*Asks:* 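One structure, as structure tokens, below. Some questions next.
Only a predicted model underlies this, so the values are computations on that prediction, with no experimental measurement involved.
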Amino acid sequence: MFKAYILLLSVTFIWGSTFPLVKVTVGGDDVYIFLAIRFAIASLLSFLIWKKQNFKYGAIIGLFIALGFITQTIGLTITTASKSGFITSLYIILTPLFSYLVEKEKPHINHIIALPLAAIGSYFLSGGIHGINLGDILTFICAIAFALSMVYITKYSKIVEETSLLGYQFLVVAVLNGALVFTKPVHITLPMIGTAIFTAALASTLATLIQLKYQKVVSTNTTAFIFVGEPIFAMLSAYIFLGETMTTQQIIGALILLSSLIIASVRFGIKEAREM
């Protein structure tokens, strides 16, 4: 169990630490082409390494992930980055709801206690929100999509081999983002391609494989709280590599998020210790 926690936390480190690299090499108008290239490479890698791939289950997960990326990207053009960050993080709160509806997994008391802390921590970390517009609504759809992808990752990884869920999942994300490429001027640069290859191997293929293998071990709900580490690592990486400053409010938000992670996880650690 401890190994599963550490590896899932490493996933958030991978996702968060790639933030400065993507920000430096990918322009705001190039998101669709970058995602299309990144996930196409990840799909190709998956098909080359693991021949057996499940179309139905992989495609369903891919649809949710693609919907999340697309609505988040469009929403970000209408709303602010801080609001987008906060609303996207609401998938942590939505995950236990969908987990119960789909898998009948009831949230434990520690999850219920940690939920408001996660919301408050995300609010402080992102800088809060003011007013609601169409971009916010689209971003909320993104949160729903990411929450559903979490639930179905657990559900399907219990049915088939984890590696068989990668190829078509990535392919669907690549195709749907590729369909939107020409809605904006296309710019492809060598640094973008390099970043796409790097993130395809590390942040997509490796990180998703770890998630598929170990999320079902610690439960969907607990994994959602572990993933609060992503914005924290992203903030720290931006501070270290881009020289972005961290406000007192953001530091407080990060500490509250860490508290929610610990509270959400502690019950399972106690349970495991007793069983051993």
*Asks:* For side chain to side chain contact (heavy atoms under 4.5 Å, CB included), just list the numbers for Val186 and Ile188, CA-CA rounded to whole Å, side-chain angles, deciding distance to a tenth of an Å, and then say yes or no.
*Replies:* CA-CA 7 Å; Val186 177; Ile188 300 177; 4.0 Å; yes
*Asks:* Under a 3.5 Å threshold, yes or no: a donor from one side chain and an acceptor from the other, between Thr88 and Gln72?
*Replies:* yes
*Asks:* Within this structure, what is the CD-CG distance for the pair Gln215 and Leu8, rounded to the nearest 0.5 Å?
*Replies:* 7.0 Å
*Asks:* Same cluster for Leu44 and Leu206 if Ile/Leu/Val/Met/Phe/Trp/Tyr side chains link at under 4.5 Å?
*Replies:* no
*Asks:* Say you draw a straight line from CE of Met150 to CG of Leu94; how long is it, rounded to the nearest 0.5 Å?
*Replies:* 11.5 Å
*Asks:* Tyr91 and Ala143: which non-hydrogen atoms are nearest, and at how many Å?
*Replies:* CB-O, 3.2 Å
*Asks:* Would you give the length of the straight line joining atom CD1 of Ile153 to atom CZ of Phe64, rounded to the nearest 0.5 angstrom?
*Replies:* 11.0 Å
*Asks:* Checking the side chain of Thr18 only, and the main-chain atoms of Trp15 only, is there a donor and an acceptor separated by less than 3.5 Å?
*Replies:* yes
*Asks:* How many angstroms lie between CG in Asn177 and OH in Tyr32, if you round to the nearest 0.5 Å?
*Replies:* 7.5 Å
*Asks:* Is there a path of hydrophobic side-chain contacts, each under 4.5 Å between heavy atoms of I, L, V, M, F, W or Y residues, that connects Met1 with Val11?
*Replies:* yes
*Asks:* Other residues, nucleotides and ligands only: do more than 12 of their heavy atoms fall within 6.0 Å of NZ on Lys158?
*Replies:* yes
*Asks:* Would Val160 end up clustered with Ile61 when hydrophobic side chains under 4.5 Å apart are linked, directly or stepwise?
*Replies:* yes
*Asks:* So do the side chains of Thr223 and Thr220 get within less than 4.5 Å of each other, counting heavy atoms only?
*Replies:* no
*Asks:* I'd like to know if the side chain of Ser43 pairs up with that of Ser46 as donor and acceptor (distance under 3.5 Å, no hydrogens or angles considered).
*Replies:* no
*Asks:* Around atom CG of Leu48, are there more than 12 heavy atoms from other residues, nucleotides or ligands closer than 6.0 Å?
*Replies:* yes
*Asks:* Are Tyr239 and Glu244 side-chain neighbours, meaning at least one heavy-atom pair lies under 4.5 Å?
*Replies:* no
*Asks:* Do Tyr168 and Leu209 share a hydrophobic cluster (ILVMFWY, side-chain heavy atoms under 4.5 Å, transitive)?
*Replies:* no
*Asks:* Mind checking the OG1-CD1 spacing from Thr208 to Ile65? Nearest 0.5 Å is all I need.
*Replies:* 6.5 Å
*Asks:* Would a 4.5 Å heavy-atom cut-off, applied to side chains only, mark Leu35 and Val173 as touching?
*Replies:* no
*Asks:* Side chain to side chain contact (heavy atoms under 4.5 Å, CB included), that's the test. Do Thr248 and Ile252 meet it? Break it down for me.
*Replies:* CA-CA 6 Å; Thr248 302; Ile252 292 172; 4.0 Å; yes
*Asks:* Closer than 3.5 angstrom, by distance alone: can the side chain of Ser204 be matched with the main-chain N or O of Ala201 as a donor-acceptor pair?
*Replies:* no
*Asks:* Taking the ring centre of each residue, are Phe69 and Phe146 less than 6.0 Å apart?
*Replies:* yes
*Asks:* Measure across Gln53 and Ser164 and return the closest heavy-atom pair with its distance rounded to 0.1 Å.
*Replies:* OE1-O, 3.1 Å
*Asks:* Are any side-chain N or O atoms of Thr139 and backbone N or O atoms of Gly135, one a donor and one an acceptor, separated by less than 3.5 Å?
*Replies:* yes
*Asks:* Step by step, would you call His108 with Ile112 a side chain to side chain contact (heavy atoms under 4.5 Å, CB included)?
*Replies:* CA-CA 7 Å; His108 295 294; Ile112 296 172; over 6 Å; no
*Asks:* Quick check: is Leu257 connected to Leu115 through a chain of hydrophobic side chains (ILVMFWY, heavy atoms under 4.5 Å apart)?
*Replies:* yes
*Asks:* Ser99 vs Glu105, test: side chain to side chain donor-acceptor pair (under 3.5 Å). Steps then yes/no.
*Replies:* CA-CA 6 Å; Ser99 183; Glu105 179 185 334; 3.1 Å; yes
*Asks:* When you measure from the centre of the six-membered ring of Phe47, is the NZ or CZ of Lys51 under 6.0 Å away and within 45° of the axis?
*Replies:* no
*Asks:* So which atom in Ala203 and which in Ile14 form the shortest heavy-atom distance, rounded to 0.1 Å?
*Replies:* CA-CG2, 3.7 Å
*Asks:* So for atom NZ, which belongs to Lys23, do other residues, nucleotides or ligands contribute more than 12 heavy atoms lying within a distance under 6.0 Å?
*Replies:* no
*Asks:* Could you tell me whether a side-chain N or O of Gln250 sits under 3.5 Å from a main-chain N or O of Thr247, the two making a donor and an acceptor?
*Replies:* yes
*Asks:* Among Phe227, Phe19, Phe233, whose ring-ring contact (aromatic ring centres under 6.0 Å, His included) with Phe13 holds?
*Replies:* Phe233
*Asks:* What closest approach, in Å, do Asn221 and Pro96 show between heavy atoms, and which atom pair accounts for it?
*Replies:* OD1-CA, 3.0 Å
*Asks:* For atom NZ of Lys216, is the number of surrounding heavy atoms from other residues, nucleotides or ligands below 6.0 Å larger than 12?
*Replies:* yes
*Asks:* Donor-acceptor pair, distance only, cut-off 3.5 Å: does the side chain of Asn110 make one with the backbone of Ile263?
*Replies:* yes
*Asks:* Could you measure the distance from the OG1 atom of Thr189 to the CG atom of Asp30? Nearest 0.5 Å is fine.
*Replies:* 7.5 Å
*Asks:* Can Ser219 and Thr222 be said to form a side chain to side chain donor-acceptor pair (under 3.5 Å), step by step?
*Replies:* CA-CA 6 Å; Ser219 86; Thr222 302; 3.2 Å; yes
